[in-house]
Amino acid sequence: DMTILDAEFGKIGVAICYDVRFPEWFRKMALAGAKLIVLPAAFNMTTGPAHWDITMRVRALDNQVYFARDENGPYVAYGNSCIASPWGDFIAHADEKESILYGDIDLDYEDSVREQLPLLKHRRPELY
């Protein structure tokens with residue numbers, strides 16, 4: 001089962017590291033009402049530089065949600081915590097150094113993106 005938490009501003013989806021490789025999981029969270037998805041992760045130093053930024057942006061963009069990452073792990077991880085907007089832009093991005101990351105989550109903007117480009121409404125699940 002997926003994890004969806006209720007917060008005062010809306011629903012938050014939660015997944016972990018390798019889950020990001022499965023776009024269907026995040027689509028299911030968006031369809032269940034998630035407005036923000038949080039992904040604790042620890043990509044390694046090979047896959048991190050190659051896949052991290054683009055994967056964060058595409059999961060936010062495809063599902064028109066805010067997507068945030070917080071990294072913790074017992075080994076040297078890629079780092080680069082970030083928040084990607086529903087349009088696929090980074091609104092906050094850290095490097096590999098320890099830091100606190102802040103970013104504004106604007107749910108009206110999220111609704112606006114979904115109205116301008118109604119990807120979730122245009123799905124055709126009967127085809128896939």
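By the side-chain hydrogen bond (donor to acceptor under 3.5 Å, both in side chains) test, Lys35 pairs with Glu110, Asp111, sequence neighbours left out. Among residues two or more places apart in sequence or in another chain, the side-chain hydrogen bond (donor to acceptor under 3.5 Å, both in side chains) test is passed with Thr47 by Asn44. With sequence neighbours excluded, no residue forms a side-chain hydrogen bond (donor to acceptor under 3.5 Å, both in side chains) with Glu115. For Asp89, there are no side-chain hydrogen bond (donor to acceptor under 3.5 Å, both in side chains) partners two or more places apart in sequence or in a different chain.
Atom CG of Leu120 and atom CD of Gln64 lie 5.0 Å apart (nearest 0.5 Å). Between the CG atom in Asn80 and the NZ atom in Lys97 there is a gap of 9.5 Å [rounded to 0.5 Å].
Hydrophobic clustering of Ile, Leu, Val, Met, Phe, Trp and Tyr side chains at less than 4.5 Å, counting indirect connections, keeps Phe26 apart from Ile54. Cluster membership for Leu117 and Ile91, using ILVMFWY side-chain heavy atoms within less than 4.5 angstrom, is shared. At a threshold of 4.5 Å between side-chain heavy atoms, the hydrophobic network of Ile, Leu, Val, Met, Phe, Trp and Tyr places Met56 and Leu61 in two separate groups. Val58 and Tyr66 fall into different hydrophobic clusters, defined by Ile, Leu, Val, Met, Phe, Trp and Tyr side-chain heavy atoms under 4.5 Å apart, directly or through other members. Both Trp25 and Phe43 are assigned to one and the same hydrophobic cluster, defined by single-linkage of ILVMFWY side chains at heavy-atom distances under 4.5 Å.
Less than 6.0 angstrom separates the ring centroid of Tyr18 from the ring centroid of Phe22.
Scanning all heavy atoms of the two residues, the minimum distance from Ile12 to Ala7 falls at CD1-CB, 3.9 Å. Between Tyr78 and Met45, the closest heavy-atom pair is CA-SD, 3.6 Å. In this structure, Ala34 and Val65 approach most closely via the heavy-atom pair O-CG1, 3.4 Å. The shortest heavy-atom contact between Met29 and Gly13 is SD-CA, 3.6 Å. Between Asn63 and Arg27, the shortest heavy-atom distance links the atoms OD1-NE, 2.7 Å. Of all the heavy atoms in Val113 and Pro86, the pair that sits closest is CG1-O, 3.8 Å.
Around CD1 of Ile100, the count of heavy atoms belonging to other residues, nucleotides or ligands within 6.0 Å does not exceed 12. Under a cut-off of 6.0 angstrom, the local environment of CD in Glu126 is crowded, with over 12 non-hydrogen atoms contributed by other residues, nucleotides or ligands. No more than 12 heavy atoms of other residues, nucleotides or ligands lie within 6.0 Å of CD1 in Ile16, so this atom counts as exposed by the packing criterion.
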From CA spacing to verdict: side-chain contact (heavy atoms from CB on, under 4.5 Å), Leu31, Arg123: CA-CA 11 Å; Leu31 294 174; Arg123 294 173 45 253; 3.4 Å; yes
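Sequence neighbours left out, not one pair with a member in residues 45-62 passes salt bridge (Lys or Arg N to Asp or Glu O under 4.0 Å).
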Identify all side-chain donor-acceptor contacts of residues 102-109 below 3.5 Å with residues at least two apart in sequence or on another chain.
unit_1, atom_1, unit_2, atom_2, d
Asp106, OD1, Asp108, N, 3.0
Asp106, OD1, Tyr109, N, 3.1

